[in-house]
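Scope of the values below: all heavy atoms of this structure, side chains included, with no hydrogens, waters or symmetry mates. Along the sequence shown, residues carry numbers from 1.
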Amino acid sequence: LSVHDAELLAAARELADGYSSGVLVLALGGQDDFASHGVDRVVSLSDPVFNTYAPEVRADVVCRMVDQFDLKHILFCESLDGGDLGRRVAARLGERPAAQVFKFSEEFSATEVHCSGRGGLSEFILPAPRVLFICAGSFHSLCDVRHEARELEPVDYAAAAKLECDGVLSIDLDDMVLEECAFVIGAGNGVSDWVSLHEVAAVLNGAVGGSRVACDSGNIERHRQIGASGCKLLARCYLAFGISGAIQHMQGIEECEQVVSVNIDPYCPLVKRSDLAVIADAEAVIKSILRQVAVSNVGR
């Protein structure tokens, strides 16, 4: 589960508890520890078609589940994949969805949702429709709130996809916004060999961002600055080279699942925040990674 997935399940649990009801998860193409995230029932589908871009097949499965289990609400992540699938489902069901949901009413009997609009400048409160899109970072993921997560029989579905997938196109991570990247490599004042840094990012398949100092010096583009006045990451892993961790930078990595830092100062804020810290010169570690990759390639 991604961080956003876990938050989606937390939102579903809160909603279900308000109705004294349960949470049913449709797992397309994979398994996970749903029990520890407050899930009551699971329908798993492992057809290879779900590993490709087959939105009409996925939408067909969801709509069949809505009919079979008489679902009161259907929740999706407000993301590229979740938004694509959820809006197809809403169109098929003839429902007008609630987008950018970040909170439910305190008085749950009102059954209202709070939605963000105009780029976060506005807040809308409306009666909860059947289809909801949950914003990232809005709900705290559950920790060991164990439920049964019992497996149910899969639903029938039409497996023939109308769209054919010719494979996944390679993406230049420098063209992606950092908020959408799962693995981000940050660089700060402790980095001077920027060519080597970008080489490391290429071999590790990570997107490059930087501290305010790195952006002020012109070594990292301004729109890739990480922090309160820049990007706020939702990465599964953040690897930081030579960043001590000013308070503004720390605010930008609060939602990162794992943080790895390389710094010569064992007492700097970022080292204290890290799940793994390497106390060493950032330049030396970058060069060491490149040497190890070169040796591995020769071995092949």
Side-chain angles (χ1 to χ4, degrees), residues 1-10 30-33 36-37 77 79-82 136-137 139-143 168 170-188 190-191 194 196-212 214-215 220-221 223-228 230-246 248-266 268-290 292-293 296:
L1 293 173
S2 69
V3 174
H4 200 171
D5 292 333
E7 293 168 353
L8 176 76
L9 295 181
Q31 297 284 344
D32 218 304
D33 182 18
S36 64
H37 290 275
C77 289
S79 62
L80 292 176
D81 290 339
F139 293 85
H140 294 292
S141 57
L142 303 176
C143 181
V168 179
S170 60
I171 297 176
D172 186 350
L173 292 174
D174 289 336
D175 293 334
M176 291 183 63
V177 294
L178 290 182
E179 292 90 339
E180 295 179 358
C181 296
F183 179 34
V184 177
I185 295 175
V191 174
W194 295 97
S196 295
L197 176 82
H198 284 280
E199 290 177 356
V200 163
V203 298
L204 297 181
N205 198 31
V208 175
S211 66
R212 182 184 61 80
C215 294
I220 298 290
E221 296 91 339
H223 69 277
R224 305 189 81 77
Q225 178 180 327
I226 301 167
C231 303
K232 293 189 177 181
L233 304 182
L234 297 171
R236 301 198 71 171
C237 182
Y238 176 54
L239 170 58
F241 289 105
I243 299 177
S244 60
Q248 293 87 351
H249 189 83
M250 302 300 286
Q251 290 172 358
I253 64 172
E254 287 178 343
E255 300 297 327
C256 291
E257 189 171 334
Q258 301 289 332
V259 175
V260 181
S261 63
V262 181
N263 204 292
I264 58 174
D265 181 3
C268 69
L270 192 52
V271 166
K272 293 178 182 178
R273 160 67 176 86
S274 298
D275 299 279
L276 172 66
V278 180
I279 308 305
D281 178 67
E283 296 281 350
V285 174
I286 289 172
K287 290 180 170 57
S288 178
I289 293 174
L290 292 176
Q292 292 294 330
V293 172
S296 299

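Atom CD of E221 and atom SG of C215 lie 8.0 Å apart (nearest 0.5 Å). In this structure, NE2 in H4 is found 10.5 Å from CG in L9, a value given to the nearest 0.5 Å. Separation of atoms CG (L204) and CZ (F183) is listed at 5.0 Å; rounding is to 0.5 Å. E180 CD to L233 CG: the interatomic distance, rounded to the nearest 0.5 Å, is 12.0 Å. K232 NZ to L178 CG: the interatomic distance, rounded to the nearest 0.5 Å, is 14.5 Å. Considering SG of C237 and CG of L239, their distance stands at 6.5 Å, rounded to 0.5 Å.
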Inset, instruction - Kindly indicate, with the supporting measurements, whether the criterion side-chain contact (heavy atoms from CB on, under 4.5 Å) is fulfilled by L270 and M250. - result: CA-CA 7 Å; L270 192 52; M250 302 300 286; 3.8 Å; yes
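Contact record, I185 with Y238: C-CE1, 4.4 Å, taken as the closest heavy-atom pair. Considering all non-hydrogen atoms of both residues, C181 and A207 come closest at SG-CB, 3.5 Å. Closest non-hydrogen pair, A277 versus V271, comes out as CB-CG1, 3.8 Å. Of all the heavy atoms in A280 and V285, the pair that sits closest is CB-CG2, 3.8 Å. Taking every heavy atom of both residues into account, A214 and G188 meet most closely at CB-CA, 4.4 Å. Closest approach of P269 and S244 over heavy atoms only: CD-O, 3.2 Å.
Proximity of a side-chain donor or acceptor of E7 to a complementary backbone N or O of G137 within less than 3.5 Å is detected. Judged by distance alone, the side chain of R224 and the main-chain N or O of C231 form no donor-acceptor pair under 3.5 Å. Checking side-chain atoms of H249 against main-chain N and O of I226 turns up a donor-acceptor pair under 3.5 Å.
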For residues 252-263, run the donor-acceptor check on the side chains, cut-off 3.5 Å, and write out each pair with its distance to 0.1 Å, sequence neighbours left out.
| from | atom 1 | to | atom 2 | distance (Å) |
| --- | --- | --- | --- | --- |
| S261 | OG | S274 | OG | 2.7 |
| N263 | OD1 | D265 | N | 2.9 |
| N263 | ND2 | I243 | O | 3.1 |

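Between F241 and I289, the closest side-chain pair of non-hydrogen atoms falls below 4.5 Å. Two residues are said to be in side-chain contact when any heavy atoms from C-beta on lie closer than 4.5 Å; I279 and I264 fail this criterion. Looking only at side-chain heavy atoms (C-beta outward), L1 and H37 come within less than 4.5 Å of each other.
Surrounding NE2 of H140 are at most 12 heavy atoms belonging to other residues, nucleotides or ligands under 6.0 Å away.
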